[in-house]
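Structure, as structure tokens:
Each ligand, and each atom within it, is numbered from 1 in the order the structure gives. Model, not experiment: these values are computed from the prediction.
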Amino acid sequence: MCGIVGYIGNQEAQPILLDGLRRLEYRGYDSAGIAVMQQQKISVRKCAGRIDKLQQLTDASPLHGSIGIGHTRWATHGEPTDLNAHPHTDVKGDIAIVHNGIIENHAALRRHLEAQGCVFVSQTDTEVVAHLIHTLYRGDMMAALQQAIRMLSGSYALAVLCESEPDVLYCVRLGSPLVVGVGQGEMFLASDIPAILPHTRDVLILEDREIAVLKRGSIEVFDDLGARKTPAPLHVSWDAAAAEKGGFAHFMLKEIFEQPDAVRKTLSAYCGPDGLQEMLPGAPDLVNFIACGTAYHAGMAGAYYFAQLADTESAAHIASEYRYRKLFPHANEAVVAISQSGETADTLAALRQAMEMGAHTAALTNTLGSTLDRTVSRSLLTYAGPEIAVASTKAYITQVETLLLMAMDLGLRKGKLTRERAKELLDGLAKLPEKMESLLKNQAYLQQYCDRHMHEKLMFFIGRGMDHSLAMEAALKFKEISYLPCEAYAAGELKHGPIALINNGTPVIAICTQESLLEKTLSNLRETKARGAETICVCPQRFAERAAREADIVWTVPDADELLLPLLVMLPMQLLAYHMAVAQGRDVDKPRNLAKSVTVE
Ligand code: F6R
């Protein structure tokens, strides 16, 4: 979704802003712009389209100055046009703002401001904020912002430039993330850490309703009533290279290849010489996961692990559904929110519901300092490093891995899992990265398959139990980056309707990691073959012979413990989606209509 950058220092702001915006491109956007204070006057360059287009504008007509703000917009109110792009200014153009989030009462405010003579030039909710601040400004931006945020409802991260205070950059947030990078005699502002990593790793994460006043050599933070606060900066361990492509054609491919390392790091974070850490506090007898998209699929895998290893009732819920559902308090329930970004609006709202209900809550996130990380008392991190491609790969794999470890820890503490079985799994997990590396070495067969099948109209992914969750994740990867329609079904459900869609040659991919369900799934595959499907079975080496009796094609992964196989079979599925997207000429890292961090409902 939208991205914000800001700079105040002694260097030229324009190249720093443009570079920061490029680092936020992965969040998804459809227009971009910057505003720079040039000799105490604000100048704006903005346009619909990609940052390359904005760069052409600034090359033709550069902005010189050492204070500025920038924005990538993902359209919500009004189409992606030049006029709707941020920054927005007030009537006179002496205040410029960029905004992430949604102003829910924008229509009422617009009517009120129009009645006062404000002339609007865009269809955005954001322009309202520029006019509002202007009408409230009486020579003190702090006071104007305090008043303005009392009048705004919705969510926002705002950065503000004001000609009457030309050496200050103001920012404030509610519900949308904003971080300040602390440099030597310079400050960087961004909605997301990767944008400031090349400059500093000391970051200050703003809390809701905090107003930060950035000057070249200082940062002051106030609450909405004007009381001074002293937040401590956080040192992030990610380096700038971790958020760069490093020779790979796409971030997604790089991130797929980073998975063995991410699995190693996550394992060593939770399992030391003394064994597994206590991960979930207490011993809940009901564990619910709330999440969206890929993280929800990880939650489905987690629910399977909790049932198998901890003998604990567990389920995954789509956060946007959970938040509006009637909830029934349970005496000993844990609700775990899963989110790569830690900023997904629906997941955060569902978590608040669970908290209000009195459940014990915990988080699983890839982003230290994210809203989710800071909302719960027990936050578990995945150690995937920054994930830039919109399609989640390494975050998902480390989520599934951490959920497995959580289930094992609970199982051990509840006496449902033996030390021997736990050791077997941990030993297997330690060997997994090597198997993943060997699997990643050979992807030519997937590339060839995609080249041959790039004109397919529909594909199916099927599986039972744990494999159903994997089929759903495989299909989601496929849809979001190749735009090829596909269905993910519990294998046993096919005959209750969707089998009608099978035509001559329709590819049906069955994921089979569980011995006890293998024959059942293969027989479902046979049913589709009988109706003309081209059938593929993805399974461990040890099932290959049996699979070959039923499937037209068998893709194998190295043998491993059944509970670890999900971490292996997902690799060829991610690569399949990747190669199909490349074959189709898609924008792999920035698929249409999608955003990396979904901060609106
Ligand atoms: C798909 C994908 C999305 C996210 C979803 C939740 O590849 O990345 O489905 O999983 O938007 O995002 P987070 O995990 O940041 O809450």
What are the atoms of ligand 1, with element, lying closer than 4.0 Å to any heavy atom of [X]?
| X | result |
| --- | --- |
| Ala391 | 7 (O) |
| Ala295 | 10 (O), 14 (O) |
| Ser339 | 13 (P), 14 (O), 15 (O), 16 (O) |
| Glu480 | 1 (C), 7 (O) |

**Contact (N/O only, under 3.5 Å) between Val390 and ligand 1** = yes
**Request:** Look only at interatomic distance and state if Ser392 has a nitrogen or oxygen under 3.5 Å from any nitrogen or oxygen of ligand 1.
**Result:** yes
**Message:** Less than 4.0 angstrom from a charged side-chain N to a carboxylate O is my criterion; do Glu321 and Arg325 meet it?
**Reply:** no
Checking a contact table here: which protein heavy atom is nearest [atom], and how many Å away?
| atom | value |
| --- | --- |
| atom 3 (C) of ligand 1 | Thr294 N, 4.0 Å |
| atom 5 (C) of ligand 1 | Cys292 O, 3.6 Å |
| atom 11 (O) of ligand 1 | Val598 CG2, 4.0 Å |
| atom 12 (O) of ligand 1 | Thr344 OG1, 3.5 Å |
| atom 15 (O) of ligand 1 | Ser341 OG, 2.6 Å |

**Message:** Determine whether a donor-acceptor pair (N or O, by modelled atom type, separation under 3.5 Å) exists between the side chain of Thr361 and the backbone of Val376.
**Reply:** no
**Prompt:** Per the ring pair (Phe, Tyr, Trp, His ring centres under 6.0 Å) rule, which among Tyr304, Tyr305, Tyr296, Phe306 passes with Phe289?
**Reply:** Phe306
**Prompt:** Could you give the distance from CD1 (Ile256) to CZ (Phe248), rounded to the nearest 0.5 Å?
**Reply:** 9.5 Å
Tell me yes or no: between the side chains of [X] and [Y], is some donor less than 3.5 Å from an acceptor?
| X | Y | value |
| --- | --- | --- |
| Asn84 | Thr124 | no |
| Glu255 | Gln574 | no |
| His360 | Glu333 | no |

**Asked** Between Arg264 and Glu437, does a salt bridge (Lys or Arg N to Asp or Glu O under 4.0 Å) hold up when you go through it step by step?
**Response** CA-CA 12 Å; Arg264 269 187 206 107; Glu437 275 152 7; 3.0 Å; yes
**Selection from Glu473, Glu343, Gln340 by shortest heavy-atom distance to atom 14 (O) of ligand 1** = Gln340
**Glu473, Lys477, His468 screened by side-chain hydrogen bond (donor to acceptor under 3.5 Å, both in side chains) with His297, the one that passes** = Glu473
**Prompt:** Can you tell which part of Lys477 has a heavy atom less than 4.0 Å from ligand 1: side chain, backbone, both or neither?
**Reply:** side chain
